[in-house]
Q: 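Shown below is the structure under consideration.
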Amino acid sequence: MSISSDEVNFLVYRYLQESGFTHSAFTFGIESHISQSNINGALVPPAALISIIQKGLQYVEAEISINEDGTILDNRGIEALSLIDAVMPDVVQSRSQQLREKIAAEKVANAAKAEAQINGEDTTNNVDTNHVDAMEVDGTMEIPPSKATVLRGHESEVFICAWNPTSDMLASGSGDSTARIWNLTANNNSANQLVLRHCIREGGQEVPSNKDVTSLDWNVKSQPWEGDQEVPSNKDVTSLDWNSEGTLLATGSYDGFARIWSTDGRLVTTLGQHKGPIFALKWNKKGNYLLSAGVDKTTIIWDAHSGEAKQQFPFHSAPALDVDWQTNTSFASCSTDMCIHVCKLGVDKPIKTFQGHSNEVNAIKWDPSGTLLASCSDDMTLKIWSMKQDSCVHDLQAHTKEIYTIKWSPTGPGTNNPNAQLMLASASFDSTVRLWDVERGVCIHTLTKHQEPVYSVAFSPDGKYLASGSFDKCVHIWNTQSGQLVHSYRGTGGIFEVCWNSTGDRVGASASDGSVCVLDLRTLK
């Protein structure tokens, strides 16, 4: 048997990532030098640490059932051990002794029973067995393999994906230090890929930056590297975003740099001022500014044309996790400090601060009209805020575990679907998705088919459907009016992100096994 500290550290790192402890994973990864190990994360299946621990538990349970001479104690199962029990020798020895005493007592009882039957007495007991059928999925719901295109090329987990808003190009970001642009033509089941390598300069060479790419977004202007050669950064690309025209893609990385790329894969601009990982990166609607949030507790508005930082906002007291534009010059940010700040370019302090969450705030989103701000937190609540008041408009409590992300429907005032009801979707580690009527502050539907934490939700462009992706490897498509499951697809890895294309007939999904999947819904709806 061979166990190295690098292997143990990698499994712990992956467990923290998969459990949603993003920042703990980052800190642990730095201290344990995960980036310097030669372990290929794409080959390590999801939940690997839990799987090997379960096997260890089974081994301990098996030990209890085996005599010293190797024979099995009456071939029966024992009461399941907890993980803590299994590492306590006294408990294991006690369980073993209890099992032996139980077997001895049963032998005596069986002997008495056999004797009674010989004397003409029937002591047979009728036992009712409870049988639970596995959940059956209507065959018409399942998306057939012929309608799913699996894109392979990434060498590690794919954390994010985003469709170009004007064409059939899908961007993806991975832990292999690359983003990729997949060009999917309407009638083609394959895709050409452009590889966007995230590199840093060392001694005239571009080397891997050993930092995750944490965000992506499209926009403008060319600024070539200074130096001779590029080296990959060896860190996750964890977020992606195209500009509204679909001409530029911005990426944010754990190396502290934001990058802007053209649709042909050319690096246009590199933006560097953050001290440490970038967790979120978004274009404004106009496309002249980029907004980033980092572990250094700050948010930055960048001039996308010049690559210069227009203003840095140092108002959070802990890492900034998410940002969202309200207008072309004002935005909200959230943090592990449990606070939400609304800031404006040119103003040297927040124009509004919202407090009320009791744990870190994972995501924030303005509604389509920029009137209401939704936030979700590890405190298991999502809250709705208005610039007109300090306290939250609604405190929505229904989830039983952390809420990882939220999305507004593209409906109601300020959208292309003004007569449709505005809804908010929330995705939680309790394995459920909830749809909310924000005006009334009530939950409309609870979507319960997932079996593992749900990491992503996305509305179709018309708001009639919702896609959800979970670590149970499933992508589900729901009818938002009825709450019914319409289509389902099981992939080959845990799903980190789902997204719709601009025409609403394709769903992209990125997975923990390095795959990117495109589901063709054109003939299924």
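Keep in mind that the numbers below use all heavy atoms, side chains included, and drop hydrogens, waters and symmetry copies.
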Q: Hey, would you say the W385 and H394 ring centroids sit under 6.0 Å apart?
A: no
Q: Write out all pairs satisfying salt bridge (Lys or Arg N to Asp or Glu O under 4.0 Å) with one or both partners inside residues 324-336, taking only residues at least two apart or from two chains.
A: K282-D324
Q: Could you list the residues that satisfy salt bridge (charged side-chain N to carboxylate O under 4.0 Å, His left out) with R14, not counting sequence neighbours?
A: E18, E157
Q: State which residues pass salt bridge (charged side-chain N to carboxylate O under 4.0 Å, His left out) with K344; sequence neighbours excluded, sorted by chain then number.
A: none
Q: By salt bridge (charged side-chain N to carboxylate O under 4.0 Å, His left out), which residues pair with K473, not counting sequence neighbours?
A: none
Q: Listed by chain and number, what are the side chain to side chain contact (heavy atoms under 4.5 Å, CB included) partners of L345, not counting sequence neighbours?
A: Y289, I301, K310, Q311, T329
Q: With sequence neighbours left out, what residues match D395 under side chain to side chain contact (heavy atoms under 4.5 Å, CB included)?
A: T381, K383, C392, Q397
Q: Taking salt bridge (Lys or Arg N to Asp or Glu O under 4.0 Å) as the cut-off, I'd like each qualifying pair that reaches into residues 400-421, sequence neighbours left out, listed once.
A: none
Q: Mind checking what makes ring-ring contact (aromatic ring centres under 6.0 Å, His included) contact with F459, not counting sequence neighbours?
A: none
Q: Return the set of residues passing side-chain hydrogen bond (donor to acceptor under 3.5 Å, both in side chains) with K352 (not counting sequence neighbours), or none when no residue passes.
A: D390
Q: Which pairs pass salt bridge (Lys or Arg N to Asp or Glu O under 4.0 Å) with one or both residues in residues 420-447, sequence neighbours excluded?
A: D437-R440
Q: Please name all residues satisfying ring-ring contact (aromatic ring centres under 6.0 Å, His included) with H316, sequence neighbours left out, ordered by chain then number.
A: H341
Q: Aromatic rings F279 and F26: how do their planes relate, parallel, tilted or perpendicular, breaks at 30° and 60°?
A: perpendicular
Q: Who passes side chain to side chain contact (heavy atoms under 4.5 Å, CB included) against C474, sequence neighbours left out?
A: H450, D472, H476, R490
